[in-house]
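In each ligand, atom 1 is the first atom listed, and ligand 1 is the first ligand listed. Being a predicted model, the structure only gives us computed values, none of them experimental.
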Amino acid sequence: MTTNLPRRALLAAGAMLAAPAPLRAQAAMRLVVIGGGFGGASAASFARRAHPDVQVTLVEPQPRFVTCPYGNLLLGGERQIGQITHSYDGLRARGVTVVQDRAAGIDAVAKTVRLAGGQTLAYDRLILSPGIALRWGAIEGYDQAAADIMPHAWVPADGAQTLLLRRQLEAMPDGGVVGIAIPPNPFRCPPGPYERISMIAHYLSRHKPRSKILALDAKEAFSKQGLFQDGWAALYPGMIEWVPGNRDGKVVKVDVRERVLETEFGTRHKVDVANVIAPQSAAALAIDAGLANDTGWVPVNARTFEARAAAGIHVIGDANIPGPMPKSGFIANTTSKQAVAAAVALHRGQPVPEPVYFNTCYSHVGQDYGISVVNIFRPNADGTAIAEVPNSGGVSPRGNLPDQRRAEALHADAWYDSITRSMFG
Ligand SMILES: Cc1cc2nc3c(=O)[nH]c(=O)nc-3n(C[C@H](O)[C@H](O)[C@H](O)COP(=O)(O)OP(=O)(O)OC[C@H]3O[C@@H](n4cnc5c(N)ncnc54)[C@H](O)[C@@H]3O)c2cc1C
């Protein structure tokens with residue numbers, strides 16, 4: 001056994017394996033959750049609160065979770081790594097068995113999960129929320145080694161990528177150019193790259209005001225675009241150049257040694273710091289388990305989040321294809337509750353509750369300057385599609401509204417505190 005399991009967790013996991021079949025039928029439902037991020041930690045936490053009779057095991061390789069949300073504020077100098085790092089002790093205190101290991105394979109027929117440490121976990125229902133993988137090589141020259149020089153800072157893991165990018169910004173001389181490559185849809189957190197541009201500009205405007213940001217985008221439009229661009233013009237005049245795909249913004253190649261970002265039509269942009277947010281897919285585990293289709297994402301039933309390719313496996317968070325819903329921590333959290341409810345109901349032969357999904361994405365554009373977008377979604381009767389509820393949702397108003405921006409920045413902070421508390425206790 002190579003896992004770092006506390007003795008109690010080992011006994012619980014061992015007990016699950018040892019239970020003979022006739023006993024298991026009467027025993028507590030075994031819910032295994034893979035991935036202790038926004039989807040998985042939310043699911044494990046909610047399952048224990050809503051269904052105290054369900055035995056919940058969470059599999060996660062990292063000892064602590066570093067959030068992507070508010071990682072951009074770390075780049076802006078407004079947060080330290082400790083403020084966005086969360087322990088799993090609160091989940092343990094809620095009765096979740098936290099297994100610190102990596103899931104290496106899923107057997108959907110035997111209903112087991114094989115762990116890298118050698119253990120096998122049996123489940124009645126599986127919730128899978130492993131997040132995303134970067135598609136190495138989708139941008140020529142951009143592989144895992146390149147990310148040590150040109151960080152993506154888009155998959156948090158232990159926070160090393162975000163800290164690396166921050167150190168590079170600190171080391172850059174005043175007057176330098178920060179190049180940011182932004183991927184095509186779909187990708188994790190549609191407003192995330194633009195909040196990142198804002199927070200880097202926030203830092204540069206205070207410490208290196210002659211510097212520039214060159215944002216090379218594969219797309220022609222982006223989330224909350226008017227609001228972001230109003231903020232950039234007001235707070236960071238002349239600092240940010242955003243180049244859309246139809247003006248040769250799509251980065252197709254990198255030269256790591258020369259620190260060059262090369263676009264579709266061969267323009268070579270030499271920069272001082274390069275942040276390459278590469279194209280993405282569902283995390284490797286979901287793909288290796290045969291759950292993804294040829295888009296690289298996992299099709300699911302929109303009422304139960306059960307994978308189309310495998311009964312009993314509910315895939316939530318960024319790894320699935322969520323129709324028009326954004327790949328956000330908020331959506332991962334809200335849909336985790338429906339996935340838990342559906343998993344328990346289906347296990348017990350009961351009807352699946354009627355779902356509604358909410359999303360609010362806050363972004364910080366500057367200090368005391370927040371903006372947001374809100375959406376409400378509902379799936380159709382058989383879970384084959386999700387649509388936005390007509391006339392629901394909206395975005396922050398445009399215009400010179402300092403009180404509104406200050407209030408939204410505070411709401412964003414409150415959102416972060418409450419969602420992380422609900423996930424981690
Ligand atoms: C810069 C940035 C800013 C963002 N800001 C916001 C925001 O303000 N609001 C918002 O709502 N969203 C935001 N997001 C998006 C949000 O981070 C994601 O949508 C959310 O994390 C998705 O949750 P998830 O559970 O799918 O993946 P994650 O939260 O990434 O969790 C996946 C977990 O699975 C684990 N894992 C992977 N493979 C395995 C395996 N084989 N075995 C076991 N465990 C495994 C990983 O270690 C990880 O802990 C932001 C994203 C970025 C990059």
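Of the N and O atoms on the side chains of Tyr70 and Asp413, at least one donor lies less than 3.5 Å from an acceptor on the other residue. A donor-acceptor contact closer than 3.5 angstrom links the side chains of Ser45 and Arg49. A donor-acceptor pair shorter than 3.5 Å cannot be found between the side chains of His202 and Tyr369. Looking at Asn359 and Ser328, their side chains do bring a donor and an acceptor atom within 3.5 Å of each other. There is a side-chain donor-acceptor pair under 3.5 Å between Asn375 and Glu388. The closest side-chain donor-acceptor pair between Ser42 and Lys337, if any, does not fall under 3.5 angstrom. In summary, the side chains of Tyr194 and Asp217 do present a donor paired with an acceptor at a separation below 3.5 Å, with no hydrogens or angles considered. Between the side chains of Gln161 and Arg166, not a single donor N or O lies within less than 3.5 Å of an accepting N or O. A donor-acceptor contact closer than 3.5 angstrom links the side chains of Trp232 and Ser198. For the 3.5 Å distance criterion, the side chains of Gln404 and Ser396 fail to qualify, holding no donor opposite an acceptor. In summary, the side chains of Trp297 and Asn320 do not present any donor paired with an acceptor at a separation below 3.5 Å, with no hydrogens or angles considered.
The proximity of Ala332 to ligand 1, defined as any non-hydrogen pair under 4.0 Å, is limited to the side chain. Contacts with ligand 1 closer than 4.0 Å are made by backbone heavy atoms (N, CA, C, O) of Lys327 only, the side chain lying farther away.
Between Ile316 and ligand 1, no pair of N/O atoms sits closer than 3.5 Å. Inclusion of Asp101 in the set of residues having an N or O under 3.5 Å from an N or O of ligand 1 is not warranted. The shortest N or O to N or O distance between Ser129 and ligand 1 is below 3.5 Å. Between Gly329 and ligand 1, at least one N/O pair is under 3.5 Å apart. Between Gln62 and ligand 1, no pair of N/O atoms sits closer than 3.5 Å. Considering backbone and side-chain N/O atoms, Gly39 comes within less than 3.5 Å of an N/O atom of ligand 1.
Ring to ring, Phe187 and Phe222 are not that close: their centroids are 6.0 angstrom or more apart.
A cation-pi arrangement, defined by a distance under 6.0 Å to the six-membered ring centre and an angle within 45 degrees of its axis, is absent between Arg64 and Phe424.
Among protein heavy atoms, the minimum distance from atom 8 (O) of ligand 1 is reached at Tyr362 O, 3.7 Å. Considering only non-hydrogen protein atoms, atom 51 (C) of ligand 1 sits nearest to Cys68 CB, 3.2 Å. Counting protein heavy atoms only, atom 18 (C) of ligand 1 is closest to Asp318 OD2, 3.2 Å. The single protein non-hydrogen atom nearest to atom 23 (O) of ligand 1 is Phe38 CB, 3.4 Å, given as residue, atom name and distance. Nearest to atom 39 (C) of ligand 1 among the protein's heavy atoms is Arg102 NH1, 3.8 Å. Summary of contacts: the protein heavy atom closest to atom 41 (N) of ligand 1 is Ala103 O, 3.0 Å. Of the protein's heavy atoms, Arg188 NH2, 3.1 Å lies nearest to atom 27 (O) of ligand 1. Nearest protein heavy-atom neighbour of atom 44 (N) of ligand 1: Pro61 CD, 3.2 Å.
Between His86 and Tyr416, the ring planes are tilted. Angles from 30° to 60° get that label. Between Phe65 and Phe38, the ring-plane angle classifies as perpendicular under the 30° and 60° cut-offs.
One option in Ala319, Ala116, Gly37 has a heavy atom closer to atom 31 (O) of ligand 1 than any other, and that option is Gly37.
Listed by number with element, the atoms of ligand 1 under 4.0 angstrom from any heavy atom of Val59 are 43 (C), 44 (N). The contact set between ligand 1 and Phe65, taken as ligand atoms under 4.0 Å from a residue heavy atom, comprises 29 (O), 49 (O). In the vicinity of Gly131, heavy-atom distances shorter than 4.0 Å reach the ligand 1 atoms 26 (O), 27 (O), 32 (C). Annotation for ligand 1: atoms under 4.0 Å from non-hydrogen atoms of Leu285 are 41 (N). In summary, the atoms of ligand 1 found under 4.0 Å from a heavy atom of Gly317, numbered by their order in the structure, are 26 (O). Using a 4.0 Å cut-off to heavy atoms of Arg196, the atoms of ligand 1 that qualify are 1 (C). Ligand 1 places these atoms under 4.0 Å from at least one heavy atom of Asn72: 1 (C).
The closest approach between any non-hydrogen atom of Gly71 and ligand 1 is not below 4.0 Å. The shortest heavy-atom distance from Trp415 to ligand 1 is under 4.0 Å.
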